[in-house]
Amino acid sequence: MKNLNLFAGIFVIACLYFSGGAIAQNMNYGALETLFEEPVTTSATGKPQRVSEVPVTMEILTADDIRRSGAVDLPEVLRQINGVSVIQKSEQFYDVSVRGYNQHASQRLLVLVNGREVYQNFFGTTLWSVIPVQLEEIRQIEVVKGPNTALFGFNAVSGVINIVTFNPLYDDQSSVGLRVGSGDFRQGHYMQTLMLSDNAGVRVSGGVKRMEGFNNPANGIATVSNIITGQSLLPSPEQHRFNVDASFRPSENSALRLEVSAAEVRDVVILPQGIIDRTDVLFQSAKIGYDHDAGKWGLLQANIYANAMDYMPLKATVPSSSKLENRTLVMQLQDTFSITPAHTGRVQFEFRTADISSDGGPAALLARGAEVSEDIFSLSGMWNWDINSELSWTNAVRGDFLRLDHNGVFTPSNSGNTVDEYDRDVYEVSYNSGLVWKATDKDTLRLSTARGVEIPSLIEYGLDLNTGGTVNSIGDPFIQSSIITNYELAWDREVDLINGLFRSAVFYLETEDVKSASVGTVGDDIQYGNIGDSKSYGLELGLEGAYKEHYSWGIGYIFQHINDDFQNGKNGSSLVSPKDYEDNEARHKVNLELGYHKGPWEADVLVYYTSAYDGIAFTPPNYTLDPVDGYVGVNARVGYTYKENLTFAVSGQQLQSPKTQTSATPDVDRRLWLGVTYKF
């Protein structure tokens with residue numbers, strides 16, 4: 001990481017000078033929720049807002065929603081949100097996207113934990129199983145739809161998932177739990193909050209999960225066992241996670257928060273090329289944020305965090321102990337200030353540096369000692385104008401300057417690129433603009449447009465995969481960023497008759513310079529590059545309500561049509577490139593939720609439908625379209641709480657069938673669990 005000591009020194013000096021960061025990340029969510037009588041967020045504009053007032057299309061899942069889902073994995077929790085596409089590929093591996101475009105190792109979604117990115121730079125994707133927090137310590141999950149790079153940061157192109165955990169300074173949350181179930185499933189967690197004083201609190205959490213892997217047909221995905229050792233590439237997954245979250249108030253106007261976490265996971269990963277890979281992953285992260293209310297100078301925020309991931313694959317064709325290392329360091333300075341009572345501004349500077357390297361070995365992702373790295377400097381600004389009590393307008397713009405570097409051994413066979421060509425600069429601009437009109441006491445309309453930027457991952461820029469045979473995989477230093485432009489009109493209406501809410505949105509989305517890997521016949525290289533453009537339009541409809549005191553319900557529908565203009569070598573069901581959004585996206589999705597709560601009893605069911613589509617399978621040397629019939633899924637939970645702190649629950653997923661084909665990967669098993677949780 002070049003210039004790391006210099007930038008770290010500048011950052012520390014700036015932190016001491018400004019004393020801070022926005023109190024927003026350390027605010028008392030519970031108190032504001034009680035005041036506003038609905039979930040509250042600070043992530044869109046930096047100031048506390050009702051979710052109904054934010055200038056983006058956002059839905060929030062609360063801690064109650066998470067618990068009542070009965071889920072054991074974050075993606076299954078997200079399945080409740082209309083417009084979120086969730087595809088399970090193995091016991092723990094999921095691909096998640098917002099408003100379609102969901103393919104292997106989906107790259108279009110920014111995932112944050114308390115503002116800290118947890119997606120992996122090497123593939124530009126999110127490994128959900130290594131997010132190192134327990135479901136029980138999550139206060140809310142904010143789901144933002146559409147490109148929001150200028151408001152939320154780096155690579156927020158199709159949507160944002162912002163996970164907000166309980167703050168140990170305000171939320172005394174402690175519990176221990178155990179869950180067992182089918183497939184030899186075993187899961188345990190422990191979480192305890194220690195209130196050290198009125199101005200200091202610490203939460204410690206940890207969890208372990210083990211189970212048997214799916215043992216089902218691969219539906220066209222290649223290689224499910226090592227051809228030399230015969231070892232299954234669908235192992236029994238394991239997960240170990242640990243997290244420490246400490247919050248302090250050094251003074252009345254300042255707050256300090258420290259987060260340290262780690263996760264070790266054995267899992268199955270479906271790579272962007274559509275290959276099943278058995279992996280052991282170690283993910284470690286640390287963040288420190290310091291906030292200060294500087295009066296007329298605004299709410300000042302300084303954050304620094306580092307992510308480190310070791311990715312240890314077992315290759316399908318040859319045994320390998322090769323380890324891929326991905327390191328990321330991010331530094332942020334931000335000021336949210338009031339210009340006048342009607343005008344709020346925000347400025348932010350961000351520096352990030354990231355690299356990937358390998359220890360070499362057979363089928364190494366990089367030759368021993370080689371490294372691909374990037375430095376990114378970002379400057380963004382936001383202006384929020386409360387025009388009157390009914391109308392507000394928010395605008396944001398962000399510039400990203402990227403400097404790419406490649407060091408060490410570089411041996412791709414047929415790339416035609418030199419090492420010097422991997423040292424280049426890239427500059428990208430993104431924006432957001434949104435009008436929110438409170439037309440009546442019941443009606444809220446949002447009109448927005450946005451330009452998001454999907455910067456290539458480090459592997460897309462500089463992968464050097466030497467398989468030891470005739471096929472090499474190489475990155476392209478001249479690959480272009482994908483540009484996503486969105487236009488949207490949303491309308492929300494409170495409906496007294498059903499004690500509920502109607503949501504709707506129409507959107508039009510353009511993606512320029514879609515990125516992909518291209519594969520030819522055996523003997524050719526796998527080359528990353530741009531393959532064309534894609535356009536999409538869609539409609540979202542949602543209705544939720546309550547019946548009497550004990551019943552709740554909701555129904556959601558999304559229609560989306562995608563039209564690609566790709567150079568992907570498509571010939572019938574055969575593809576040269578693993579990208580074909582118009583055939584690989586279901587046009588219709590429906591969610592139906594029913595809930596019951598009375599006294600100590602809770603019962604909830606989620607029924608979801610996905611229409612037929614063509615999954616992308618990898619049958620070397622080509623990709624093929626593998627038909628997936630429309631399917632229905634059923635998740636449910638029944639819980640009983642004894643004396644307010646001891647809860648017994650029975651839950652399950654995919655209850656409608658022992659096995660269900662949901663993609664061109666192995667069928668998904670029905671799963672049943674019995675759990676007990678004690679709060680103290």
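All values below were derived from every heavy atom in this structure, side-chain atoms included, with hydrogens, water molecules and symmetry-related copies excluded. Just so we're clear, the structure is a prediction, and the values are computed from it rather than from any experiment. The chain is numbered in sequence order, starting from 1.
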Exercise for the section: Report the C-alpha separation of Ser577 and Ser516 in whole Å, then their side-chain angles, then the decisive distance to 0.1 Å, and conclude whether the side chain to side chain donor-acceptor pair (under 3.5 Å) test is met. Expected result: CA-CA 7 Å; Ser577 171; Ser516 181; 2.4 Å; yes
Handout entry: Evaluation steps, side chain to side chain donor-acceptor pair (under 3.5 Å), between Gln560 and Ser536
Key = CA-CA 7 Å; Gln560 185 168 10; Ser536 173; 2.9 Å; yes
Handout entry: Test log, rule side chain to side chain contact (heavy atoms under 4.5 Å, CB included), inputs Arg503 and Thr57
Key = CA-CA 10 Å; Arg503 290 190 177 100; Thr57 301; over 6 Å; no
Practice task
Before giving the answer on side chain to side chain contact (heavy atoms under 4.5 Å, CB included), spell out for Tyr427 and Ser481 the whole-Å C-alpha distance, their side-chain angles and the decisive distance to 0.1 Å.
Solution key: CA-CA 10 Å; Tyr427 181 72; Ser481 300; over 6 Å; no
Handout entry: Evaluation steps, salt bridge (charged side-chain N to carboxylate O under 4.0 Å, His left out), between Glu488 and Lys145
Key = CA-CA 10 Å; Glu488 182 170 344; Lys145 302 175 183 179; over 6 Å; no
Handout entry: Step-by-step side chain to side chain contact (heavy atoms under 4.5 Å, CB included) determination, Asp267 to Ser90
Key = CA-CA 8 Å; Asp267 207 350; Ser90 71; 3.7 Å; yes
Practice task
Could you go through the side chain to side chain contact (heavy atoms under 4.5 Å, CB included) check for Val632 and Val607 one step at a time?
Solution key: CA-CA 7 Å; Val632 173; Val607 181; 3.9 Å; yes
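Residue-environment remark: NZ (Lys535) stays at or below the threshold of 12 foreign heavy atoms within 6.0 Å. Counting non-hydrogen atoms of neighbouring residues, nucleotides and ligands closer than 6.0 angstrom, the CD atom of Gln656 exceeds 12 such neighbours.
Interatomic distance, CZ of Arg327 versus CD1 of Ile356, reported as 12.0 Å (0.5 Å rounding). Between the CZ atom in Phe566 and the CG atom in Leu575 there is a gap of 10.5 Å [rounded to 0.5 Å]. Interatomic distance, CG of Leu78 versus OG of Ser69, reported as 9.5 Å (0.5 Å rounding). The structure places CD1 of Ile141 at 8.5 Å from CD1 of Ile81, a figure rounded to the nearest 0.5 Å. Atom CG of residue Asp405 and atom CG of residue Asp425 lie 10.5 Å apart, to the nearest 0.5 angstrom. Note that CG of Asp280 is 10.5 Å distant from OH of Tyr311, once rounded to the nearest 0.5 Å.
At distances below 3.5 Å, not a single donor-acceptor pair connects side-chain atoms of Ser448 with backbone N or O atoms of Val56. Side chain of Asn102 to main chain of Ser85: a donor-acceptor pair is present (N/O by atom type, distance under 3.5 Å, no hydrogens or angles). Between the Asp626 side chain and the Ile616 main chain, no donor and acceptor come within less than 3.5 Å of each other. Panel note: side chain Asp564, backbone Tyr581; a donor-acceptor pair is recorded below 3.5 Å. Looking at Glu454, its side chain never comes within 3.5 Å of a backbone N or O of Ser482 through a donor-acceptor pair. Using modelled atom types, one side-chain atom of Gln480 and one backbone atom of Phe478 make a donor-acceptor pair closer than 3.5 Å. With Thr449 contributing its side chain and Tyr487 its backbone, the two residues share no donor-acceptor pair below 3.5 Å. Side-chain atoms of Asn635 come within 3.5 Å of backbone N or O of Gln654 as a donor-acceptor pair. Remark: side-chain polar atoms of Arg670 are paired, donor with acceptor, to backbone N or O of Leu655 under 3.5 angstrom.
Within the 4.5 Å cutoff, side-chain heavy atoms of Leu110 are placed close to those of Glu117. Taking the side chain as every heavy atom from C-beta outward, Leu112 and Val160 approach each other to under 4.5 Å. Contact of the Val426 side chain with the Glu374 side chain is not registered, since no non-hydrogen atoms from C-beta on lie closer than 4.5 Å. The shortest distance between side-chain heavy atoms of Leu127 and Val265 does not fall below 4.5 Å. Residues Asn568 and Lys579 form no side-chain contact, since every pair of their non-hydrogen atoms from C-beta on lies 4.5 Å or further apart. Lys570 places a side-chain heavy atom less than 4.5 Å from the side chain of Asp583. Side-chain contact check for Lys659 versus Asp669: some heavy-atom pair is nearer than 4.5 Å. Contact of the Pro578 side chain with the Gln103 side chain is not registered, since no non-hydrogen atoms from C-beta on lie closer than 4.5 Å.
A side-chain N or O of Ser378 and one of Arg398 form a donor-acceptor pair less than 3.5 Å apart. A donor and an acceptor atom, one from each side chain of Ser534 and Tyr101, are located under 3.5 Å apart.
Between Asn432 and Thr149 the shortest heavy-atom distance is OD1-N, 3.9 Å. Of all the heavy atoms in Thr126 and Val111, the pair that sits closest is OG1-CG2, 3.4 Å. Closest non-hydrogen pair, Pro627 versus Gln661, comes out as O-NE2, 3.7 Å. The two residues Pro477 and Arg424 make their nearest non-hydrogen contact at O-NH1, 2.5 Å. Between Asp65 and Gln80, the shortest heavy-atom distance links the atoms O-NE2, 3.5 Å. Listed here is the closest heavy atom pair of Arg79 and Asn591: O-ND2, 2.8 Å.
Under the side chain to side chain contact (heavy atoms under 4.5 Å, CB included) criterion, Tyr537 pairs with Tyr508, Phe559, His561, not counting sequence neighbours.
Tested against Met211 for a side-chain contact (heavy atoms from CB on, under 4.5 Å), the candidates Gln239, Glu238, Glu91 yield a single pass: Glu91.
Between Arg671 and Asp73, at least one side-chain N (NZ, or NE/NH1/NH2) sits under 4.0 Å from a carboxylate O, which counts as a salt bridge.
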